[in-house]
Amino acid sequence: MTASRARVAIVRTGTANLASLIAAFERLGAHPYITSSPEDVRTATHVVLPGVGTLAAAMRDLEAAALVEPLRARINESKPTLCICLGFQLLFETSDESPSARGLGIIPGHIERFPDSVTVPHFGWNHVRAHDSETQHSPHSGSAYFANSFRMPAAPDGWTCLTTEHAGPFTSMLARGRVLACQFHPELSGPYGNSLLAAWLDGSTPTPPPSPAIAADGAHIGLMPRVIPCLDVRDGRVVKGIKFQNLRDSGDPVERAKAYEDQGADELVILDVSATPEGRKTAHHTVEAVRKAISIPLTVGGGVREVDDARALLEAGADKTAVNTAAVRRPEILSEISERFGVQCTVLALDAARRDNAQGWEVVVRSGTERTGRDAIDWAKRAQQLGAGEVLLTSWDRDGTQSGYDLELLTAASNAVHIPVIASGGAANASHLAEALDAGADAVLAASIFHDAHTTVGDVKAELAALGVPVRLSK
């Protein structure tokens with residue numbers, strides 16, 4: 001069956017961001033639809049078991065919809081079924097994530113948490129490789145986007161297995177018959193992910209383009225630093241200023257987003273810079289339009305005050321939601337979002353300004369118009385305890401100045417938490433990005449240098465590679 005004729009039944013687990021998946025299949029010409037019907041699971045030509053969130057919550061939803069037995073039967077019969085991220089973990093018996101719950105039990109084994117000796121969650125782009133050295137050039141191999149805190153270390157019998165490196169090798173992709181299970185998100189993995197989805201639809205062997213994820217020395221194994229353009233949006237237009245003030249128009253967000261993906265961006269961030277000051281929510285139609293245009297991860301922030309706001313953004317097409325002012329006002333919102341959608345969907349947007357006495361940094365909110373007196377590093381640690389899976393750390397003093405990131409701030413924050421830290425505020429060139437990564441950042445965010453056409457994402461990544469930084473190259 002060709003992709004253009006395929007009708008794809010996507011199982012509603014209750015904890016999944018489905019907009020990215022729907023957009024990916026529509027770009028391939030397929031016809032995806034969401035279902036909770038046991039009959040659809042039994043009879044559909046193609047079924048997807050997606051998921052973000054926790055194993056226990058997903059199993060409760062599957063049991064309530066009477067989907068457990070139809071899924072077990074379908075997968076055991078090797079009918080075309082795609083299991084993604086949490087869907088991958090649901091195949092197994094038990095998990096550290098939900099010790100008292102049981103998964104589908106189709107594959108014997110236990111899912112374990114990554115050790116705290118590495119960054120957790122395992123966020124970003126990493127290599128998917130055949131575990132047998134004689135088949136390292138398998139057409140299934142490539143570079144994919146991950147957002148997982150748990151892993152299956154051993155390869156199960158009877159399945160073709162590919163692995164990824166993070167605190168040692170773990171199982172990242174399984175295949176048996178027409179069943180494909182990915183610990184990563186193929187719908188967010190650019191050309192490689194699209195090739196996997198297309199091959200799964202028509203039953204062919206994936207033949208993706210050569211992996212762009214090549215280190216500067218050609219030998220890097222593990223997570224690659226991410227380069228993330230940021231789209232500050234007001235009234236449906238990209239804007240940019242200095243220290244969040246004097247905003248100027250910088251173009252259409254959809255056009256910008258597509259151009260940055262084409263240039264090799266690893267993720268995108270959209271921040272509605274006027275949502276909190278004006279007391280309104282992020283414009284969801286902008287998020288929906290951007291999601292339809294891109295196949296890389298999207299973080300959205302601005303105006304998130306409660307769980308329903310986060311849910312609306314995820315349904316519109318965000319993969320992660322960023323919370324700033326509301327979390328300072330009511331920290332429990334971080335726990336509420338992470339418990340409902342998972343830590344991988346929960347980002348603390350932390351804007352920090354140096355104190356007047358230059359001793360440390362304090363949190364600023366309401367787009368920098370209000371100083372809180374709260375210590376920024378202590379707040380990052382507290383947010384991690386509450387369930388934040390990532391910190392988007394912006395230096396208010398450096399924002400828009402192109403004078404380089406606040407390296408002292410980055411080092412302090414990165415040393416204080418084990419979740420990923422995204423550096424923001426002050427980038428002017430590739431050397432600034434490399435300095436931020438050396439200071440401990442897991443990813444680097446920039447806006448002005450891209451919006452003002454001083455350089456491109458591709459040129460910056462090529463310069464980073466020349467400096468020895470193992471980035472995901474677009475060519």
Side-chain angles (χ1 to χ4, degrees), residues 19-20 23-24 27 125 145 187-191 194 212 226-242 244-275 282-303 313 316-322 347 349 367 392 394 399-402 422-430 432-433 443-464 471-475:
S20 299
R27 284 193 294 269
W125 293 80
Y145 179 81
E187 75 278 15
L188 300 176
S189 296
N194 287 338
R226 290 166 282 156
V227 176
I228 306 174
C230 181
L231 307 178
D232 293 332
V233 174
R234 181 180 65 182
D235 300 328
R237 299 288 294 178
V238 179
V239 295
K240 195 67 190 90
I242 297 176
F244 308 161
Q245 304 300 317
N246 300 318
L247 301 178
R248 63 185 185 278
D249 187 272
S250 293
D252 175 74
V254 176
E255 293 176 359
R256 289 284 188 179
K258 187 68 176 81
Y260 292 148
E261 179 183 13
D262 291 343
Q263 293 170 16
D266 297 308
E267 295 184 25
L268 289 175
V269 169
I270 290 178
L271 299 177
D272 190 329
V273 296
S274 58
T282 304
H284 294 170
H285 69 273
T286 299
V287 178
E288 292 169 352
V290 169
R291 169 44 63 208
K292 290 179 180 179
I294 64 171
S295 58
I296 56 175
L298 175 63
T299 298
V300 182
L313 289 177
D319 302 291
K320 296 181 275 187
T321 57
V347 179
S367 297
L392 171 54
T394 299
D399 179 73
T401 66
Q402 299 189 36
I422 302 172
S424 171
N429 50 55
H432 285 158
L433 274 63
V444 283
L445 181 145
S448 298
I449 59 172
F450 300 136
H451 299 342
D452 296 342
H454 294 165
T455 187
T456 68
V457 178
D459 287 344
V460 164
K461 295 181 85 170
E463 292 178 54
L464 287 172
V471 291
R472 185 183 70 101
L473 298 177
S474 58
K475 295 181 181 180

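Because the structure is a prediction, the values reported are computed rather than measured. Side chains are part of it too, since the values below use all heavy atoms of this structure and drop only hydrogens, waters and symmetry mates.
The shortest heavy-atom contact between Leu298 and Gly317 is CD2-O, 4.0 Å. Taking both residues in full, the closest heavy atoms of Pro253 and Leu231 are given as O-CD1, 3.7 Å, listed atom of the first, atom of the second, then distance. Counting all heavy atoms, side chain and backbone alike, Ala318 lies closest to Val287 at N-CG1, 3.8 Å. The shortest heavy-atom contact between Ala427 and Ile449 is O-CG2, 3.2 Å. Counting all heavy atoms, side chain and backbone alike, Ala265 lies closest to Val457 at N-CG1, 3.6 Å. Of all heavy-atom pairs between Pro229 and Tyr260, the closest is CB-CD1, 3.6 Å.
Residues satisfying the side-chain contact (heavy atoms from CB on, under 4.5 Å) test with Ala349, not counting sequence neighbours, are Ala322, Asn324. Partners of Thr455 under the side chain to side chain donor-acceptor pair (under 3.5 Å) rule, at least two apart in sequence or in another chain, do not exist in this structure. Annotation: side-chain contact (heavy atoms from CB on, under 4.5 Å) contacts of Ala430 (sequence neighbours excluded): Val460, Glu463, Leu464. Take Asp459 and apply the side chain to side chain donor-acceptor pair (under 3.5 Å) test, not counting sequence neighbours, and it matches Thr456. Listed by chain and number, the residues in a side chain to side chain donor-acceptor pair (under 3.5 Å) with Ser20 are Asn17, Arg291, Asp319 (sequence neighbours excluded). The side-chain contact (heavy atoms from CB on, under 4.5 Å) test applied to Ala259 returns Gln263, not counting sequence neighbours.
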- request: Mind running side chain to side chain contact (heavy atoms under 4.5 Å, CB included) on Gln402 and His454 for me, showing each step along the way?
  value: CA-CA 11 Å; Gln402 299 189 36; His454 294 165; 3.5 Å; yes
message: Applying side chain to side chain donor-acceptor pair (under 3.5 Å) to Ser295 and Glu187, what does each step give before you reach the verdict?
response: CA-CA 6 Å; Ser295 58; Glu187 75 278 15; over 6 Å; no
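Using modelled atom types, one side-chain atom of His451 and one backbone atom of Cys230 make a donor-acceptor pair closer than 3.5 Å. Side-chain atoms of Lys461 come within 3.5 Å of backbone N or O of Gly264 as a donor-acceptor pair. Within the 3.5 Å criterion, the main-chain N or O of Tyr145 finds a donor-acceptor partner in the side chain of Ser189. The closest donor-acceptor contact from the side chain of Arg226 to the backbone of Val444 lies at 3.5 Å or more, if one exists at all.
Remark: Glu261 CD to Lys258 NZ distance equals 5.0 Å, nearest 0.5 Å. Note that CD1 of Ile228 and OG of Ser424 are 9.5 Å apart. Values are rounded to the nearest 0.5 Å. To the nearest 0.5 angstrom, Ile270 atom CD1 is 10.0 Å from Asp232 atom CG.
Listed by first and then second residue, the salt bridge (Lys or Arg N to Asp or Glu O under 4.0 Å) pairs involving residues 293-302 amount to none (not counting sequence neighbours).
We find that Asp252 and Arg256 are not joined by a salt bridge, their nearest charged nitrogen and carboxylate oxygen being 4.0 Å or further apart. The existence of a salt bridge linking Arg472 and Asp266 is confirmed by a sub-4.0 Å separation between a basic side-chain nitrogen and an acidic carboxylate oxygen.
By the 4.5 Å heavy-atom criterion applied to side chains, Glu267 and Lys320 are counted as neighbours. With a 4.5 Å cut-off on side-chain heavy atoms, Ile296 and Leu268 count as touching. Between Thr299 and Leu392, the closest side-chain pair of non-hydrogen atoms is not below 4.5 Å. In this structure, the side chains of Val227 and Phe450 come closer than 4.5 Å at one or more pairs of heavy atoms.
Of the residues listed (Thr394, Val269, Leu271), the one engaging Leu445 in a side chain to side chain contact (heavy atoms under 4.5 Å, CB included) is Val269, and it is the only one.
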